[in-house]
Amino acid sequence: MLLSQSPLRASMIFCIAAMASLTLFTATTAEARGKAIAYTAELQAPVEAAQEIIKGTVIRCAGTECIGAQSSSSPRTICAKVADEFGPVASFAYKGEAFDSEALAKCNN
């Protein structure tokens, strides 16, 4: 029997591959969970649970609530895109600062 056909060697290679996969998966999910919420929105009408990538950030909506992590785009752009994707926005805040009625009107146009 060749060394490359050894069941022990095959088992070790499988274990190493499994550990590498687990490590990569854990790092990816931890990074996704670790991002702070920057955007919060309240929609005028409820939607089914959904998520969209808007300007480089994932926006998740369920019912009338939407949340998203920091993006390189301006909050006004994100607000307008949320309204385009999920429907009219009743309220929108970036890092806790709520948009006024004029800014919301611009989001919903």
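Thr57 contributes atom OG1, which lies 12.5 Å from atom CD of Glu52 (distance to the nearest 0.5 angstrom). The CG atom of Asn108 sits 5.5 Å away from the CD atom of Gln44 when rounded to the nearest 0.5 Å. Note that NZ of Lys81 and OG of Ser73 are 9.0 Å apart. Values are rounded to the nearest 0.5 Å. Distance check, rounded to the nearest 0.5 Å: NZ of Lys106 to CG of Asp100 gives 8.5 Å. The SG atom of Cys61 sits 10.0 Å away from atom CD of Glu42, with the distance rounded to the nearest 0.5 Å.
Checked by atom type and distance alone, the side chain of Ser71 pairs as donor or acceptor with a backbone atom of Lys55 at under 3.5 Å.
Nearest heavy-atom pair across Cys107 and Ala83 is O-CB, 3.4 Å.
Cluster partners of Phe86 are Tyr39, Leu43, Val47, Ile54, Ile59, Ile78, Val82, Val89, Phe92, Tyr94, Phe99, Leu104, counting Ile, Leu, Val, Met, Phe, Trp and Tyr whose side-chain heavy atoms approach within less than 4.5 Å, directly or via other members.
A heavy-atom distance below 4.5 Å is not found between the side chains of Arg60 and Glu65.
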